[in-house]
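None of the values given here were measured: they were computed from a predicted structure. Here is the naming used below: chain letters follow the sequence lines, and residue numbers restart at 1 for every chain.
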Amino acid sequence: MLDIQLLRTQISFVAERLATRGVTLDTAVFEALEAERKQLQTQTQDLQARRNTLSKQVGILKGKGEDASAILTEVAGLGDALKAGEAALAELMPRFDFFLAGIPNLPHESVPVGKDETGNVEVLRWGTPKTIANPQDHVDLGVALGGLDFETAVKIAGSRFAVMKGPIARLHRALAQFMLDMHTDKHGYTEVHVPYLVNKDSMFGTGQLPKFEEDLFRVPHGEDGHLYLIPTAEVPVTNIVRGEIVDAATLPLKFVAHTPCFRSEAGSYGRDTRGMIRQHQFDKVELVQMVHPEQSWQALEELTGHAEAVLQALELPYRKMALCSGDMGFSAAKTYDLDVWLPAQNAYREISSCSNFEAFQARRMQARFRNEKNKTELLHTINGSGLAVGRTLVAVLENYQNADGSITVPAVLRPWMGGLTTISAA
RNA sequence: GGAGAGGUGGCAGAGUGGUCGAAUGUACCUGACUCGAAAUCAGGCGUAGGUGCAAGCCUACCGUGGGUUCGAAUCCCACCCUCUCCGCCA
């Protein structure tokens, strides 16, 4: 959520910045809502103030045993106007809030301007793709090794799910454990295990709601309520600080969590239908930081580096992209994507996305700290994948394939693989 | 799922219809004393919003949402959550 003061005082600036995202801010609608709000709110508050004073006088008079009927008559006359004002406000404010909650974050000034992914800018490229003659993709490799089974997954659940078996299932687990251990041991993150089902307030806090409900899985729960399956650990982990006032001395807070992620993938029916690239359920190791506002830009660079460290340790070639204004997510002020090399696709594909949200999420969830002047101030939040486990498995299978269809286990993963060096057909 | 207890400021904890946004303690901030600290003393100290150049003034908030009333932390209804015991359960 943007700072309402910014909208009130610099709406043309806000509209200009949003335009670089391809978003048109309807300033006329905002100004109309704001004018109506101001009128109704001041008028209603004046009436409430009058009622409160009169009611106090009633109390005083009755305490003295005097007659209060004149005042009671006057206050009774306030009733209808007050009720009307309160009702009008109650009707207006949800509309106003919905309008505000639907405005995306402003891109940081360093974000390249562009309208879609073609406008993204390559920041660096690491590693050199190995020359692999006639590379097979992860589906052919995994199925031939008996470790990937999409047909059984369809029977059990449907399309966009996978069943993993044997050493490939273990490799998947090894990747997650390797990542968790690296981030906790070397990068100073605290491991957290969090709920996979969350409430509406949590989804609102990180920005999935109210605009992107169709991307989520919803689970009925209780009388007529429901919970949502998390689309990323960002949601439960960031919401750890929702409604909290943390001590500045504890900053930065750095959390890492390994969770499954659930996405309905509505609106992407034709894309990446083969294999494990785009699933309804996938595992991800997520990095989340809550930091002092002055530290957030440095923290974004560091956090992105932590994700890169995983790719480097696995010796997977990748490139780092600065997303352009038109390709960034709703809540982000700036995003770096890390794209890993996939030989069979002869292309780089997204494996991590690291963003600084500045105070956008913190404002939605009132996540604050007490600053040097003992005043509360909004935190900045940063998060990124470190990494998407399913896609990392895909990258390892494809980049470490041998001519005979076997897979060499990357050296750094062997401690989690019982020392296994090669995955071959049984 | 059943029975009971309870949800009040950063924390603890009073308050059962009328200057109660809320006693008191504690934490924290400022000042005094001190070489410094501790202890002590004095003052300050919730959140969100509105309005004003400002000092300030005003509104809302005592788990959430309704209701009763001139007036609700306090009374009524519904719901949510926490704790204890019982049941069930990985």
Euclidean distance for [atom1], [N] against [M] (whole angstrom):
N	M	atom1	value
C11(B)	C28(B)	P	15 Å
A27(B)	A38(B)	P	12 Å
C76(B)	U69(B)	P	16 Å
G10(B)	A22(B)	P	15 Å
U74(B)	A78(B)	P	16 Å
C79(B)	A90(B)	P	30 Å
G56(B)	U19(B)	P	24 Å
G63(B)	G15(B)	P	15 Å

Does [X] reach a base, just sugar-phosphate, or nothing at all? Heavy atoms under 4.0 Å.
X	result
Leu54(A)	nothing
Gln5(A)	sugar-phosphate
Arg50(A)	nothing

Relative to the ring of His187(A), is the ring of Tyr189(A) parallel (under 30°), tilted (30 to 60°) or perpendicular (over 60°)?
perpendicular
Ring-plane angle category for Phe369(A) and His292(A), please: parallel below 30°, perpendicular beyond 60°, tilted otherwise.
tilted
Rounded interatomic separation in angstrom, taking [atom1] from [X] and [atom2] from [N]:
X	N	atom1	atom2	value
Asp46(A)	U51(B)	CG	P	11 Å
Arg51(A)	C58(B)	CZ	P	14 Å
Gln57(A)	U69(B)	CD	P	22 Å
Met93(A)	G65(B)	CE	C1'	18 Å
Leu40(A)	U51(B)	CG	P	13 Å
Gln45(A)	G52(B)	CD	P	13 Å
Asp97(A)	G49(B)	CG	C1'	12 Å
Leu33(A)	G49(B)	CG	C1'	17 Å

Does the structure show a Watson-Crick or G-U wobble partner for [N], both distances under 3.5 Å? Name it, or say none.
N	value
C62(B)	none
U40(B)	A32(B)
G4(B)	C83(B)
C88(B)	none
A14(B)	none
A54(B)	none

Could you tell me whether the phosphate oxygens of A60(B), OP1 or OP2, come under 4.0 Å of any side-chain nitrogen or oxygen in Asn52(A)?
yes
OP1 or OP2 of U51(B) under 4.0 Å from side-chain N/O of Lys38(A):
yes
Ser55(A), nearest nucleotide to its side chain (from C70(B), G49(B), U51(B))
C70(B)
Please check: side-chain N/O of Asp327(A) versus main-chain N/O of Gly119(A), any donor-acceptor pairing under 3.5 Å?
no
Between Arg160(A) and Arg278(A), is there a donor-acceptor pair closer than 3.5 Å when you use the side chain of the first and the backbone of the second?
yes
Report each atom pair, protein N/O against N/O of nucleotides 46-48 of chain B, whose distance is under 3.5 angstrom.
from: U47(B); atom 1: O3'; to: Arg368(A); atom 2: NH1; distance (Å): 2.9
from: A48(B); atom 1: OP1; to: Arg368(A); atom 2: NH1; distance (Å): 3.3

Pairwise 5' ranking along RNA chain B for Gln48(A) and Lys83(A), keeping only the more 5' one
Gln48(A)
Return the 5'-most residue of the pair Gln41(A), Val75(A) with respect to RNA chain B, ranking by each residue's nearest nucleotide.
Gln41(A)
Assess, by modelled atom type and distance only, whether the side chains of Glu302(A) and Gln289(A) contain a donor and an acceptor separated by less than 3.5 Å.
no
Say whether Tyr400(A) and Glu315(A), considering side chains only, have a donor N or O and an acceptor N or O under 3.5 Å apart.
no
Using 4.0 Å as the upper bound for N to carboxylate O, is an ion pair formed by Arg271(A) and Glu265(A)?
no
Nearest 0.5 Å, please: how far is CZ in Phe96(A) from CD in Glu34(A)?
4.5 Å
Any chance you could measure Ser385(A), atom OG, to Glu350(A), atom CD, to the nearest 0.5 Å?
7.0 Å
